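Since the structure is predicted, the reported quantities are computational estimates derived from the model, not experimental observations.
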Amino acid sequence: MQFVFERGPLVRWLWVAAALGITATPQGLAQSVGDSVTVSGTATYRQRVAMPAEALLTVRVENVSRADAPAGVVAEIREPFGARQVPIAFSLAVPRAAIDSRRTYSLRATITVGGELRFTTTRHYPVLTRDAPNDIDLPLDAVQPAAASRANSGPDLAFTLPATFAGVLPCADCPGIAHTLTLRADGLYRMRRTYLGRPGAPVAEVGRWTVDPLGKQLALGRGPASQRFAVVDDQTLRQLDRRGLPFTSAANIELRRTAQVDAITELLRWRGEFRYLADAATFTDCASGLRWPVAMAGDYLALERLYQQQRSAPGAALLVGFDGRLEVRAAMEGPPREHIVVDRSDATEPGAACDNGPG
């Protein structure tokens, strides 16, 4: 008996797969080649909104095995939209060495424009293990726009927000200090400093930025310890001394605006007031005065237990310190919004409070 096959796309793909040693699975023909496994699919959203060419699609495969630990990224791609619109196809190569059949992995996607989050996945999409599919069509949900208000009452700056500025400034005992400064429209800043020629990880801080009534001088933090910059134009910040006066130096003291915004998403040190009331927790950052809902993930339960033990009264604030990060997550009501995720809580100050008086 002779079998006759139609040489359609699927059959041709299987012939090529056999020649290359690729294995097809029932889950959307997810394949593995050599030392990696491919996870693919499309990213889309329901809103009839066109994205600009610079819109950035980010897709990650994350290890979400532990509910009490931050998700670990095992593969990631970042692709600008260019001339495309949704649905946009994606493909990630996940190293075999990073896959443990005992673990749980999930697919997560975001769309940002100028560093501002516009769309994100809000559900769990398992892949790679436990018979999960490796070809998934990801629906993304719209994110509520960030607040446009700022703490200062001065005029608009010469540039739109969010914005990131970077440069290498002088150092007394090293080749230089690489600075990366991100400013958000809600008044939050993050300054990351890397001491060149020295061992150790970069040092980062967060706080509130303000601008003078003329929109010409930027201050990071409050009081005499604040760092100041002159707003030269929409592309340049120039370092000033602590009094806000220009330096008389021939060295480079300028930060230049970057093409892409370096969003404030990394693990940072936070100190502020934690409250738990009516089955919801909030955190008010002492440095910036901003408040976020606290995600019930990571080390959240340990922090809530400390709160229940050390609070002065139900619903009262407890001053806490922890390592954590900002992340857009599904809200209890309404669209997804930014939460703070506690990675490791290790400090409490019962009876103390933030000092947010004039500096």
Side-chain angles (χ1 to χ4, degrees), residues 114-116 146-266 268-271 285-290 354-359:
E116 182 178 340
S149 61
R150 295 197 292 270
N152 56 275
S153 59
D156 290 339
L157 289 167
F159 46 85
T160 57
L161 296 169
T164 296
F165 294 80
V168 178
L169 301 184
C171 174
D173 54 357
C174 69
I177 306 174
H179 287 63
T180 302
L181 170 64
T182 294
L183 306 172
R184 299 199 333 181
D186 59 2
L188 183 69
Y189 80 84
R190 189 275 330 280
M191 176 67 87
R192 185 191 303 120
R193 297 180 178 87
T194 303
Y195 289 79
L196 305 181
R198 291 185 185 176
V203 178
E205 67 180 37
V206 290
R208 179 173 289 279
W209 64 268
T210 54
V211 67
D212 72 340
L214 297 178
K216 295 296 185 182
Q217 189 174 121
L218 184 75
L220 307 180
R222 299 181 297 123
S226 64
Q227 188 172 5
R228 299 176 183 272
F229 291 87
V231 181
V232 179
D233 52 37
D234 63 347
Q235 297 294 318
T236 311
L237 301 178
R238 182 176 296 138
Q239 188 179 28
L240 302 172
D241 68 16
R242 296 296 184 184
R243 299 168 296 171
L245 300 176
F247 282 109
T248 55
S249 171
N252 174 61
I253 54 173
E254 291 185 345
L255 303 181
R256 300 284 296 175
R257 187 169 184 175
T258 61
Q260 297 291 331
V261 174
D262 184 14
I264 306 175
T265 57
E266 74 268 45
L268 296 165
R269 186 66 185 174
W270 300 88
R271 178 176 177 270
D285 176 43
C286 287
S288 66
L290 297 174
C354 290
D355 176 17
N356 287 325

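The CD1 atom of Ile177 sits 4.0 Å away from the SG atom of Cys171 when rounded to the nearest 0.5 Å. In this structure, CG on Leu245 lies 8.0 Å from CD on Gln217, to the nearest 0.5 angstrom. The NE2 atom of His179 lies 9.5 Å from the OG1 atom of Thr194; values are rounded to the nearest 0.5 Å. Rounding to the nearest 0.5 Å gives a distance of 8.5 Å between CE of Met191 and CG of Leu183. Between Gln227 atom CD and Leu181 atom CG the span is 8.0 Å, to the nearest 0.5 Å. One finds the CZ atom of Arg271 at 10.0 Å from the CG atom of Asp285 (value rounded to the nearest 0.5 Å).
The list of disulfide bond (SG atoms under 2.5 Å apart) pairs with a residue in residues 207-252, not counting sequence neighbours, is empty. Screening residues 213-242 for ring-ring contact (aromatic ring centres under 6.0 Å, His included), with sequence neighbours left out, gives no hits. Residue pairs meeting the side-chain hydrogen bond (donor to acceptor under 3.5 Å, both in side chains) criterion with at least one partner in residues 161-171, sequence neighbours excluded, are Thr164-Thr182.
Under a 4.0 Å N-O distance rule, the pair Arg193/Glu205 qualifies as a salt bridge. Of the charged side-chain nitrogens involved, none lies within less than 4.0 Å of a carboxylate oxygen, so that Arg228 and Asp212 do not count as a salt-bridged pair.
Of all the heavy atoms in Leu237 and Phe159, the pair that sits closest is CD2-CE2, 4.3 Å. A pairwise comparison of heavy atoms in Thr258 and Ala166 identifies CG2-CB, 3.9 Å as the closest pair. Asp186 and Arg184 make their closest contact through OD2-NH2, 2.6 Å (heavy atoms, listed as atom of the first residue, atom of the second, distance). Here the closest heavy-atom approach between residue Arg242 and residue Ser226 is recorded as NH1-O, 3.0 Å. Here the closest non-hydrogen pair linking Asp355 and Arg222 is O-NH2, 2.7 Å. Residues Glu116 and Pro162 share a closest heavy-atom pair of OE1-CD, 4.1 Å.
In this structure, Arg257 contributes its side chain and Gln235 its backbone to no donor-acceptor pair below 3.5 Å. A donor-acceptor pair under 3.5 Å is absent between the side-chain atoms of Trp270 and the main chain of Ala287, judged by distance alone. Although no hydrogens or angles enter the test, the distance criterion places a donor-acceptor pair under 3.5 Å between the side chain of Asn252 and the main chain of Val168.
Proximity of Thr160 to Asp234: side-chain heavy atoms (C-beta onward) are nowhere separated by under 4.5 Å.
Listed by chain and number, the residues in a side chain to side chain donor-acceptor pair (under 3.5 Å) with Asp241 are Arg243 (sequence neighbours excluded). Scored by the side chain to side chain donor-acceptor pair (under 3.5 Å) test, Arg192 finds Asp262, Glu266 as partners (sequence neighbours excluded). Residues that satisfy the side chain to side chain donor-acceptor pair (under 3.5 Å) test with Arg256, not counting sequence neighbours, are Thr236.
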